[in-house]
**Student:** 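I'd like to ask some things about the structure below.
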Amino acid sequence: MARFLRRVLLGVSGALAIFTALLVVGNVAAGAPFHTGALVWATPIAAALLALAAFKLTTRRQFLLVFLLVNTLLLELLLEAAGWLGVLPGITDKDRCAYGRVYWTAEGRGNSIRNRFGWYAPAFDLAAPHRIAVIGDSLVEAVEVHRTRNAATRLGDLLRSRPGGFAVLGLGAHGTAPAHSLEILDYATRHFTPREAIFVLSIGSDIRESSRALNGLPPDAFIYFGLDASGRAVPDPASTTARENFMRSIELPHSNPLVQVPFILRTHCMLLQTARSMRDAVSLRRRLAARPDPGIVGDIERDDFFRNGFDPTPFAIPPSPESQRALAVMLAELRLAKETCDARGVVFRIVTVPHFPTAFYRTQTGAAWTAQVGAYDYLRPERDVAAFAAAESIPCLALGTVMSAEKMSVDDIRAFYLLDGVGHLSERGHEFVAAQIARAFYPTP
């Protein structure tokens with residue numbers, strides 16, 4: 001018995017030591033300091049303590065320690081079962097890595113695994129001759145639904161039977177803006193050589209996130225662009241670190257598989273994700289409590305800002321100077337994307353997805369709705385993007401305009417979004433987006 005217990009403790013200690021070594025190598029490969037993260041410190045300490053216990057503790061205490069380890073393993077298996085059954089509450093797991101676990105219950109319920117390139121999408125069909133890269137933020141990534149039910153995958157399903165060999169690659173990254181999409185576009189053309197690139201713009205966030213002043217995140221943590229004297233988009237030098245870190249994060253799944261092992265294991269360990277989710281929930285509550293008054297007109301809009309993070313500032317009538325500048329930066333970024341695609345022989349297209357706040361649903365019913373509610377016009381920025389696209393000869397699908405032209409009711413629109421109409425796209429919303437893209441850009445003969 002004593003020999004068996006010692007072997008178990010030494011085996012676990014050795015496994016933790018190997019994990020630590022791989023994690024250090026992975027951090028370096030990802031461009032982070034080798035000591036980044038609590039795991040880098042916790043696992044070697046645990047390995048050393050277990051090795052010490054294998055030689056110093058009595059047989060009885062070794063048995064109790066092994067019993068504790070076995071019960072920890074059983075708890076992990078229980079959490080895994082609950083996770084795959086979709087009944088594990090309050091866990092948020094969406095770190096980007098090859099074959100990374102995605103489990104999301106904060107809004108909707110995503111429950112699947114990323115593909116080998118780290119994207120929340122089915123395996124990419126790189127043998128298809130006509131590849132379409134759909135690029136955007138969390139609306140494209142869509143951790144709120146299963147990876148087979150987002151707009152990019154639905155679009156691929158609609159086009160698969162068409163002649164020409166279509167394949168749609170969903171390249172969505174949460175917490176990003178059009179500045180990040182430019183980097184993803186460069187990445188996609190190098191790795192997947194698409195024939196087309198579709199930028200999906202989240203009108204509710206992409207304009208705000210194009211401005212350092214409106215977004216609030218420091219430039220070393222977010223990619224920003226500015227405008228030169230001629231109005232062209234130029235990278236903000238202060239965002240160099242953020243750009244390099246982001247590119248390393250999306251390139252990492254293309255590296256040696258051994259480098260990715262610790263990141264994959266981390267996303268699949270539900271005990272660890274439970275602890276991280278509890279920590280993040282506390283941190284989020286503190287940040288929300290510390291938010292300054294945004295200076296928004298109207299109590300309903302202010303409630304949406306504090307509850308859902310939706311900032312209606314870019315939709316104000318008239319728009320503020322900073323909102324106008326943010327829109328100008330975003331349009332300049334789109335022009336740069338068009339130039340990149342032209343230089344690489346890729347067809348560039350734009351899709352705009354509108355966002356409607358609580359006030360839109362509270363004050364209107366039926367199909368005779370207006371996007372101008374109070375001091376805000378929630379389709380004005382979309383019209384600005386459509387006018388820009390027309391001037392630049394860029395095919396553009398403005399979904400807010402489609403909703404209005406087809407006289408969809410307020411309840412129909414509400415069903416396209418989660419959180420009673422103010423969240424990310426629901427499964428029905430993804431179906432709508434995919435169908436409209438197919439109709440607008442790939443009509444049947």
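Note that the structure is a prediction, hence the values are computed from the model and not measured. Atoms considered below: every heavy atom in the structure, side chains included; atoms not considered: hydrogens, waters and symmetry mates.
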**Student:** Would you say the side-chain atoms of S426 pair up with the backbone N or O of A415, donor to acceptor, closer than 3.5 Å?
**Tutor:** yes
**Student:** Run V329 and S211 through side chain to side chain contact (heavy atoms under 4.5 Å, CB included) and show every step you take.
**Tutor:** CA-CA 8 Å; V329 170; S211 163; over 6 Å; no
**Student:** Kindly state whether the ring of H191 and the ring of F117 have centres lying under 6.0 angstrom apart.
**Tutor:** no
**Student:** For residues M270 and D93, report the shortest heavy-atom separation together with the two atoms involved.
**Tutor:** SD-OD2, 4.4 Å
**Student:** For the pair E382 (side chain) and G400 (backbone), establish whether a donor and an acceptor sit closer than 3.5 Å, ignoring hydrogens and angles.
**Tutor:** yes
**Student:** Measure across V143 and W104 and return the closest heavy-atom pair with its distance rounded to 0.1 Å.
**Tutor:** O-CB, 3.5 Å
**Student:** Taking the basic N atoms (NZ, or NE/NH1/NH2) and the acidic carboxylate oxygens, is any pair closer than 4.0 Å for R154 and D157?
**Tutor:** no
**Student:** Check whether H174 reaches the backbone of S138 with its side chain - one donor and one acceptor, N or O, closer than 3.5 Å.
**Tutor:** no
**Student:** Not counting sequence neighbours, which residues clear salt bridge (Lys or Arg N to Asp or Glu O under 4.0 Å) with R131? List them please.
**Tutor:** none
**Student:** Using every non-hydrogen atom in the two residues, find where I184 and A173 come nearest and quote the distance to one decimal.
**Tutor:** CD1-CB, 4.2 Å
**Student:** Answer yes when R109 and E144 have at least one side-chain N-carboxylate O distance shorter than 4.0 Å, and no when they do not.
**Tutor:** no
**Student:** With no hydrogens and no angle check, is any side-chain donor or acceptor of N245 less than 3.5 Å from a backbone partner on A242?
**Tutor:** no
**Student:** Nearest 0.5 Å please: distance from the NE2 atom of H146 over to the OG atom of S112.
**Tutor:** 3.5 Å
**Student:** I need the minimum non-hydrogen distance between T92 and Q273, along with the two atoms involved.
**Tutor:** O-OE1, 3.9 Å
**Student:** Can you measure from OG (S181) to CG (L201) and round to the nearest 0.5 angstrom?
**Tutor:** 7.5 Å
**Student:** Restricting to non-hydrogen atoms, name the atom on L88 and the atom on Y103 that form the minimum distance, rounded to 0.1 Å.
**Tutor:** O-OH, 2.5 Å
**Student:** Does V422 offer a backbone N or O that forms a donor-acceptor pair with the side chain of H355 under 3.5 Å?
**Tutor:** yes
**Student:** With a 6.0 Å cut-off on ring centres, are H254 and Y187 close enough?
**Tutor:** yes
**Student:** Do the two ring centres, one from Y417 and one from H424, sit under 6.0 Å apart?
**Tutor:** no
**Student:** Does R101 make a cation-pi contact with W84 (under 6.0 Å, within 45 degrees of the axis)?
**Tutor:** yes
**Student:** Which residue, R248, R190, R243, forms the salt bridge (Lys or Arg N to Asp or Glu O under 4.0 Å) with E183?
**Tutor:** R243
**Student:** Taking the six-membered ring for Trp, are Y378 and F360 closer than 6.0 Å centroid to centroid?
**Tutor:** no
**Student:** Below 4.0 angstrom, N of the basic side chain to O of the carboxylate: do R335 and E392 qualify?
**Tutor:** yes
**Student:** Any Lys/Arg nitrogen of E339 or R232 sitting under 4.0 Å from an Asp/Glu carboxylate oxygen of the other?
**Tutor:** yes
**Student:** Got a sec: does the CZ of R116 have more than 12 other heavy atoms crowding it under 6.0 Å?
**Tutor:** no
**Student:** Is it true that R96 and E251 have a side-chain N and a carboxylate O under 4.0 angstrom from each other?
**Tutor:** no
**Student:** Can a salt bridge be assigned to the pair D95 and R114 using a cut-off of 4.0 Å between side-chain N and carboxylate O?
**Tutor:** no
**Student:** I'd like to know if the side chain of E196 and the backbone of V346 have a donor-acceptor N/O pair within less than 3.5 Å.
**Tutor:** no
**Student:** Closest approach of A188 and P194, non-hydrogen atoms and distance?
**Tutor:** O-CD, 3.4 Å
**Student:** When you measure from the side chain of S210 to the backbone of D206, do you find a donor-acceptor pair of N or O atoms at a distance under 3.5 Å?
**Tutor:** yes
**Student:** Using the rule given for side chain to side chain contact (heavy atoms under 4.5 Å, CB included), can you reason through V168 versus T153, listing the C-alpha separation, both sets of side-chain angles and the distance that settles it, and then say yes or no?
**Tutor:** CA-CA 7 Å; V168 179; T153 306; over 6 Å; no
**Student:** Between L73 and L75, is a side chain to side chain contact (heavy atoms under 4.5 Å, CB included) present by the stated rule, with each step listed?
**Tutor:** CA-CA 5 Å; L73 176 61; L75 178 58; over 6 Å; no
**Student:** Got a second to check how far S239's OG is from E244's CD, nearest 0.5 Å?
**Tutor:** 11.0 Å
